[in-house]
2 protein chains.
Amino acid sequence: MSQTTSTRRVTAADIARSLGISRATVGFVLNDTPGQTISEATRTRVLDEAKRLGYRTNIAARALASGRSRIVLLVLPDWPLDFNLRRNIEEASLALDEAGYALITYTPHPTGHSRPLWEKLQPDVVMSMTPFAPGQAESIRAAGVTRLIPDPEAPVGEEYPEEGPVLQVQYLVDLGHRSIAFAGSADPRVADLVALRRRRANDAALALGLPPLPSSDIQLTDASAGDAIDRWREAGVTAIAAYNDDVAAALVGAGLRMGLTLPRDLSVIGHDDTPLASMFEPRLSTISVNTVGLGRYLAGLALSAVENRPLPPAGPELRVALVPRASTAPLG
Amino acid sequence: MSQTTSTRRVTAADIARSLGISRATVGFVLNDTPGQTISEATRTRVLDEAKRLGYRTNIAARALASGRSRIVLLVLPDWPLDFNLRRNIEEASLALDEAGYALITYTPHPTGHSRPLWEKLQPDVVMSMTPFAPGQAESIRAAGVTRLIPDPEAPVGEEYPEEGPVLQVQYLVDLGHRSIAFAGSADPRVADLVALRRRRANDAALALGLPPLPSSDIQLTDASAGDAIDRWREAGVTAIAAYNDDVAAALVGAGLRMGLTLPRDLSVIGHDDTPLASMFEPRLSTISVNTVGLGRYLAGLALSAVENRPLPPAGPELRVALVPRASTAPLG
DNA sequence: GTGAGGAACTAGCGCGCGCAAGTAACGTTT
DNA sequence: AAACGTTACTTGCGCGCGCTAGTTCCTCAC
């Protein structure tokens, strides 16, 4: 093997041999290893030769020798991947990239039978944007992962301060509505978030002197949405705060097909300001959510777990804003 | 190290030592290695002891020793992740899992600066559901990956036979429409697919004796959709075949806000049968696409590339079906 | 002059696995 | 009886890296 062929990978030993120095020196240069002093001349020679020979670190060798895969696995719920979430992922990916880690996103299939990625990849840390599902943390631990974020054993801390439903209810009250319903989603994938938003909507109602809001979880069908509308209107409801824009759209569509005139007969406000909200006729009032900075925060959490770095400052503030459109109107 | 502590991983050597056999034998059992004959008694002892000790293969060691990461990277375009695509991914994941591979999905961020995952993971094969973007194949090759699917150097073969637009046009013609426009999407992420569907719609028009369809790519805004509607109606267009349901919804919403009565004044048909299509008022006619089997096909392609398995049979037939709803009506 | 510390490297083991080449015993065939 | 093939294992090298412990030389302070 006196000549490097184009089919065998270049190793640090090849660089060392080529320059007449030790392989360890090559490694210290390539990793900029703290605590080692390498002359500028040698460092330059190594970096130039690595580039000339087309050296690529063998990540399996590195992982084996160091005991770390440098993979951060981000478990995503089976939610729509919207623009905000995509940006968050890229932010996190970039921050971790700078620290030498690979961010991999993974959405476990709800009824899938494939072995979960945390078993196949042996990541250094597994993060989730929502609390781990029942049994999930145990499965991850059984796969040898010791760093889970959020920590399943930590006391249930403050959740993201979902202020959107508060804004929904306040806006409807400001329009004069006093009998308001909360429409959740029957999709089991988002049950926790639905419950959270329902609770926040009720918090706001209480603070504004209203009784607890009547509430149902609906399927995105005319039948389901129509039933809920019938029940609520019979109870005198004049406005609906919907879990998200899809639920709002299902309600508005069903209401129109039932012969209602919206928003005269019924006001409906959605959440999340998806593109659908501005295409629907009438255009849907909604709540927009700005999650800038969340990705960097998550990356900071991951790095603090694997590298004994300090915890990042408190998470970013989610900014919500009301987007009034034609699906809501003052009462009467 | 005479006693295994709970903090050190269990290795094949531990099993071997415990049973008084060689580590190679342990490996042959755990991998069910072809060409090796191991007694049933020994195999059982090894498997039991591995389970008892909590053995987990060290994937970095395996990758280093075998020269293969057993990772298949699936590059996804920045498209919405709909139900069909999710199912395809799970199918592929399951098929690859059974062969001992990990499927990782990766959507490169359009303006991201993070190092691409094919550099960080050194996958055995990189697959894409669309032709590789300019420069992408080169970047993947530079990262040491030699197996790319589709092969960037292969002659441009048959694309998926997009029959949806044909169905759209045929349906509108069957309703009596003779002046039909094609509405594309201005979203650069889907430019190729828009062009393909436009061409297929024109193929159908030609085959039905119609002239080439007037066509614009619209943003999902009232202004953009409204402009297109104005121009087309002025040219006598009575029906629109839209690239997808979002485009159709933007047109319908804008048309309604312009004071049109749909579908009396204008018929619109979408594509992909998303949930939005059945919530909108009027409910949107559309084309449903059934992609069952595509995931398994992709997995078969990957396995044929890395394991010298035979190529899978021809890809699954995408079944499209017309879903007539209230956004389309006979002319006049 | 001596000793300590720093610069600039080196030698080499270990990480945990895959697997080629090998060994010993036994059974079958010539 | 000898040769061959099969069964059921074993020995041990290599994969490519991280990094500890070490060496040699030089400089500076006392």
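Naming convention: chains lettered A, B, ... in sequence-line order (proteins, then strands); numbering from 1 in each chain. Only a predicted model underlies this, so the values are computations on that prediction, with no experimental measurement involved.
For the pair B:Arg8 CZ and C:dG16 P, the computed distance is 6 Å after rounding to whole Å. Straight-line distance from the CZ atom of A:Phe28 to the C1' atom of C:dC9: 9 Å, rounded to whole Å. Atom CZ of A:Arg62 and atom C1' of C:dG14 are 18 Å apart (whole Å). Separating the CG atom of B:Leu19 from the P atom of D:dT10 is a distance of 10 Å, rounded to the nearest angstrom. The distance from atom CG of B:Asn58 to atom P of D:dG18 is 15 Å, rounded to the nearest whole Å. Between the CG atom of A:Asp14 and the C1' atom of D:dG16 there is a distance of 10 Å, rounded to whole Å. What separates CZ of B:Arg68 from C1' of D:dG16 is a distance of 18 Å, to the nearest Å.
Along DNA chain D, the nucleotide nearest B:Leu64 and the nucleotide nearest B:Ile38 are compared for position; the residue whose nucleotide lies closer to the 5' end is B:Ile38. Along DNA chain D, the nucleotide nearest B:Ala24 and the nucleotide nearest B:Ala61 are compared for position; the residue whose nucleotide lies closer to the 5' end is B:Ala24.
When distances run from any side-chain atom of A:Thr25 to the nucleotides D:dG16, C:dC9, D:dT20, the shortest one goes to C:dC9. Distances were taken from every side-chain heavy atom of A:Ala65 (C-beta onward) to each of C:dC15, C:dC17, C:dG18; the shortest belongs to C:dC15.
For A:Arg23 against D:dG18, a side-chain N or O and a base N or O form a donor-acceptor pair under 3.5 Å.
Checked by atom type and distance alone, the side chain of A:Asn31 never pairs as donor or acceptor with a backbone atom of A:Thr33 at under 3.5 Å. A distance-only check finds no donor-acceptor pair linking the side chain of A:Arg70 to the backbone of A:Ala63 [under 3.5 Å]. A:Thr44 places a side-chain N or O within donor-acceptor distance of the main-chain N or O of A:Glu40, the cut-off being under 3.5 Å. Proximity of a side-chain donor or acceptor of A:Arg147 to a complementary backbone N or O of A:Asp124 within less than 3.5 Å is detected. Although no hydrogens or angles enter the test, the distance criterion places a donor-acceptor pair under 3.5 Å between the side chain of A:Asp97 and the main chain of B:Arg115. No donor-acceptor pair under 3.5 Å is formed between the side chain of A:Ser93 and the backbone N or O of B:Ser114. Side-chain atoms of B:Arg9 come within 3.5 Å of backbone N or O of B:Thr57 as a donor-acceptor pair. Within the 3.5 Å criterion, the main-chain N or O of B:Ile21 finds no donor-acceptor partner in the side chain of B:Thr25.
Taking a 4.0 Å limit (strictly below) on heavy-atom distances, residues 39-52 of chain A does not reach DNA chain D anywhere. Remark: A:Asn31, A:Gln36 in residues 29-36 of chain A come within less than 4.0 Å of DNA chain D through at least one heavy atom.
A salt bridge does not link B:Arg23 to B:Asp14: none of the charged nitrogens lies less than 4.0 Å from a carboxylate oxygen. With salt bridges taken as basic N to acidic carboxylate O contacts below 4.0 Å, none links A:Glu138 and A:Arg141.
If you check every strand for non-hydrogen atoms under 4.0 Å, B:Ala12 touches sugar and phosphate atoms only. When heavy atoms are screened at a 4.0 angstrom cut-off, A:Ile21 is found touching the sugar-phosphate backbone but no base atom. Using a 4.0 Å heavy-atom distance criterion, B:Thr37 is classed as a base contact.
Between B:Tyr55 atom OH and B:Leu47 atom CG the span is 11.5 Å, to the nearest 0.5 Å.
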Original post:
What one-letter contact string describes nucleotides 24-29 of chain D from 5' to 3', where B marks a base within less than 4.0 Å of any protein heavy atom, S marks contact via sugar-phosphate atoms alone, and - marks no contact?
Top reply: ------
**OP:** Would you sort out whether A:Glu49 and A:Arg52 count as a salt bridge (Lys or Arg N to Asp or Glu O under 4.0 Å), showing the intermediate values?
**Re:** CA-CA 5 Å; A:Glu49 191 70 5; A:Arg52 192 182 74 84; 2.9 Å; yes
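Listed pair B:Ser22 / D:dT10 meets the phosphate criterion, a side-chain N or O lying under 4.0 Å from OP1 or OP2.
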